Amino acid sequence: MNVREARESEYQLIYEQGYREWAKGRSLEEYIKENQKEEANGKRFVMVNDQNQILASLMMLQFRQNLFGIGSIVVDSSSRKKGLGKKLIEECLIKHPDAAFILYSEIDPSYYKQFGFRVLPREFQQSSKGICMICANDELCKRILKGPIPGYF
């Protein structure tokens, strides 16, 4: 298994995989249009097998120095329950070891606690779509929380 930045030629497949999980009543075209907005502030990463097939993907956005977001996490249905999502998240977190990461969890937040994420206090929760979580040491977390927290992405 290898984690690398996604190639532009792979985006359609990544969007289709994401759409199967996160359609939320949108057409594929609407889903793609909304997700393409993320491209301006971030990079998509993929986990591929030895045949270079995409097994999992996620989006890593940079909001400001030392503040990144992780979103659009998808593991292909045929590759679930093998720890691939976990490995992909871990690989992306180590790319910026001195940074803080936020995400909006639409699943049980306890899953992300294994990576060091914690639920932000109620006053920082600004979306009904997901629970905002942060992964940062205490000092960095305090600094990040003095600035604006990006809304749901």
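No experiment lies behind these values; they were computed from the predicted model shown.
- A 6.0 Å sphere centred on CD of Glu123 holds more than 12 heavy atoms belonging to other residues, nucleotides or ligands.
- Using a 4.5 Å heavy-atom cutoff, the side chains of Arg44 and Glu5 are not in contact.
- From Leu140, atom CG reaches atom SG of Cys135 across 9.5 Å, with rounding to the nearest 0.5 Å.
- Annotation: side chain of Leu58 is not in contact with side chain of Lys43 (no heavy-atom distance under 4.5 Å).
- Annotation: Glu8, atom CD; neighbour count of heavy atoms from other residues, nucleotides and ligands within 6.0 Å does not exceed 12.
- In this structure, Val119 and Cys132 have side chains that are not in contact, with every pair of non-hydrogen atoms separated by 4.5 Å or more.
- Taking all atoms of both residues into account, the shortest heavy-atom contact from Gln125 to Gly130 is OE1-O, 4.2 Å.
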Determine, step by step, whether Arg4 and Asn52 satisfy the side-chain contact (heavy atoms from CB on, under 4.5 Å) criterion, reporting the C-alpha distance in whole Å, the side-chain angles of both residues, the deciding distance to 0.1 Å, and the verdict. CA-CA 11 Å; Arg4 61 168 170 75; Asn52 217 27; 3.3 Å; yes
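- Linking ILVMFWY residues whenever their side-chain heavy atoms come closer than 4.5 Å, directly or via other members, leaves Ile131 and Leu120 in distinct clusters.
- Both Leu61 and Phe124 sit in one connected hydrophobic cluster of ILVMFWY residues. Membership requires side-chain heavy atoms under 4.5 Å apart, directly or through other members.
- Ser27 contributes atom OG, which lies 10.0 Å from atom NZ of Lys33 (distance to the nearest 0.5 angstrom).
- Using modelled atom types, one finds no donor on one side chain facing an acceptor on the other under 3.5 Å when comparing Gln17 with Glu21.
- To the nearest 0.5 angstrom, Arg143 atom CZ is 7.0 Å from Asn66 atom CG.
- Taking the charged nitrogens against the carboxylate oxygens, Lys87 and Glu91 do have a contact shorter than 4.0 Å, which makes a salt bridge.
- Contact annotation: the side chain of Lys129 never approaches that of Phe153 to less than 4.5 Å [non-hydrogen atoms, C-beta and beyond].
- The heavy-atom pair separating Ala136 from Ala100 by the smallest distance is CB-CB, 3.6 Å.
- Other residues, nucleotides and ligands contribute over 12 non-hydrogen atoms within 6.0 Å of the NZ atom of Lys24.
- Of the possible donor and acceptor atoms, none in the side chain of Tyr112 sits under 3.5 Å from a partner among the backbone N and O of Ile107.
- No chain of hydrophobic side-chain contacts below 4.5 Å, direct or via other Ile, Leu, Val, Met, Phe, Trp or Tyr residues, connects Phe45 to Tyr15.
- With a 4.5 Å cut-off on side-chain heavy atoms, Ile14 and Val74 do not count as touching.
- Here the side chain of Glu10 pairs a donor or acceptor atom with the backbone of Arg7 at under 3.5 angstrom.
- Using a 4.5 Å cut-off between side-chain heavy atoms of Ile, Leu, Val, Met, Phe, Trp and Tyr, with links allowed through other members, Leu88 and Phe117 fall into the same hydrophobic cluster.
- Annotation: the span from Asp50 atom CG to Met1 atom CE amounts to 7.0 Å, rounded to 0.5 Å.
- Rounded to the nearest 0.5 angstrom, Ile102 CD1 and Ile144 CD1 are separated by 9.0 Å.
- Ring to ring, Phe63 and Phe68 are not that close: their centroids are 6.0 angstrom or more apart.
- In the hydrophobic cluster analysis, where Ile, Leu, Val, Met, Phe, Trp and Tyr join through side-chain heavy atoms closer than 4.5 angstrom, Leu103 is grouped together with Met60.
- In this structure the side chain of Arg118 never reaches within 4.5 angstrom of the side chain of Met133, judged on heavy atoms.
- Heavy-atom neighbours of Lys86 NZ from other residues, nucleotides or ligands within 6.0 Å: at or below the threshold of 12.
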Would you please test Leu13 and Gln53 for side-chain contact (heavy atoms from CB on, under 4.5 Å) and show each step? CA-CA 10 Å; Leu13 175 61; Gln53 296 171 308; over 6 Å; no
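- Looking at Met47 and Ile54, their side chains never come closer than 4.5 Å, going by heavy atoms from C-beta outward.
- Looking at Ile70 and Leu93, their side chains come closer than 4.5 Å, going by heavy atoms from C-beta outward.
- The distance from the OH atom of Tyr11 to the CG atom of Asn35 is 11.5 Å, given to the nearest 0.5 Å.
- You'll find the ring centres of Phe115 and Phe101 outside the 6.0 Å limit.
- A donor-acceptor contact shorter than 3.5 Å links the side chain of Arg80 to the backbone of Val75.
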